Amino acid sequence: AYAQDTWEKVIEQRGRLTEELRQRGFAVLDSQSNFVLTTPPDKLPAQGLYADLKARNLLVRYFDAPRLDDKLRITVGTEAQVTNLLAAIDDLS
């Protein structure tokens with residue numbers, strides 16, 4: 001029951017995170033996992049956004065590698081964590 005509840009929360013928050021990021025101009029690949037891979041809009045380069053979020057103690061993954069250096073890997077969190085991330089992105093936009 002605990003695992004099922006956890007999966008349902010991840011699925012719900014993954015959908016919310018994906019939709020909210022897309023509304024902000026991010027390209028988000030469809031995901032069946034506990035994370036999303038996203039390309040931020042040009043006004044928010046991935047490396048800079050990663051650094052700005054890290055300065056706010058919001059940790060996402062940035063890969064300094066070909067074909068990934070314009071993307072962020074964002075793990076799906078709780079409702080409150082997703083809300084905090086989105087608010088930070090709005091503040092940095």
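Keep in mind it's a predicted model, so treat the numbers as computed, not measured. For the single chain, residues carry numbers from 1 onward in sequence order. What's counted below: heavy atoms across the whole structure, side chains too, no hydrogens, waters or symmetry copies.
Under the side chain to side chain contact (heavy atoms under 4.5 Å, CB included) criterion, Leu92 pairs with Leu49, Asp52, Leu53, Arg56, not counting sequence neighbours. Considering only residues two or more places apart in sequence or on other chains, Asp30 meets the side chain to side chain donor-acceptor pair (under 3.5 Å) condition with Arg22. Every residue meeting the side chain to side chain donor-acceptor pair (under 3.5 Å) condition with Arg24, not counting sequence neighbours, appears here in chain and number order: Glu20, Asp90. For the side chain to side chain donor-acceptor pair (under 3.5 Å) test, no residue two or more places apart in sequence or in another chain qualifies with Ser31. Residues satisfying the side chain to side chain donor-acceptor pair (under 3.5 Å) criterion with Lys54, sequence neighbours excluded, are absent altogether.
Between Asn34 and Arg14, the closest side-chain pair of non-hydrogen atoms is not below 4.5 Å. Looking at heavy atoms from C-beta onward, Ile89 lies in side-chain contact with Leu21 at the 4.5 angstrom threshold.
Phe63 shares a hydrophobic cluster with Leu29, Leu37, Leu68; the chain of contacts runs through ILVMFWY side chains whose heavy atoms sit under 4.5 Å apart.
Contact record, Gly25 with Pro41: O-CB, 3.7 Å, taken as the closest heavy-atom pair. Nearest heavy-atom pair, Ala46 versus Pro40, reported as atom, atom and distance to 0.1 Å: CA-CG, 4.0 Å. Closest non-hydrogen pair, Gln81 versus Gly77, comes out as OE1-CA, 3.2 Å. In plain terms, the two heavy atoms of Tyr62 and Lys71 that are nearest each other are CD1-O, 3.8 Å.
Shown here is Asp91, whose CG atom has more than 12 heavy atoms of other residues, nucleotides or ligands within 6.0 Å. Heavy atoms of other residues, nucleotides or ligands lying less than 6.0 angstrom from OH of Tyr50 number 12 at most.
The OG1 atom of Thr18 sits 11.5 Å away from the CZ atom of Arg16 when rounded to the nearest 0.5 Å. Separating the OG1 atom in Thr78 from the CD atom in Gln13 is a distance of 7.0 Å, to the nearest 0.5 Å. Distance check, rounded to the nearest 0.5 Å: OG1 of Thr38 to CZ of Arg73 gives 13.0 Å. Between the CD1 atom in Ile74 and the CZ atom in Phe35 there is a gap of 11.5 Å [rounded to 0.5 Å]. With values rounded to the nearest 0.5 angstrom, Glu79 atom CD is found 12.5 Å from Leu17 atom CG. Once rounded to the nearest 0.5 Å, the distance linking CG of Asp64 with CG of Asp69 reads 6.5 Å.
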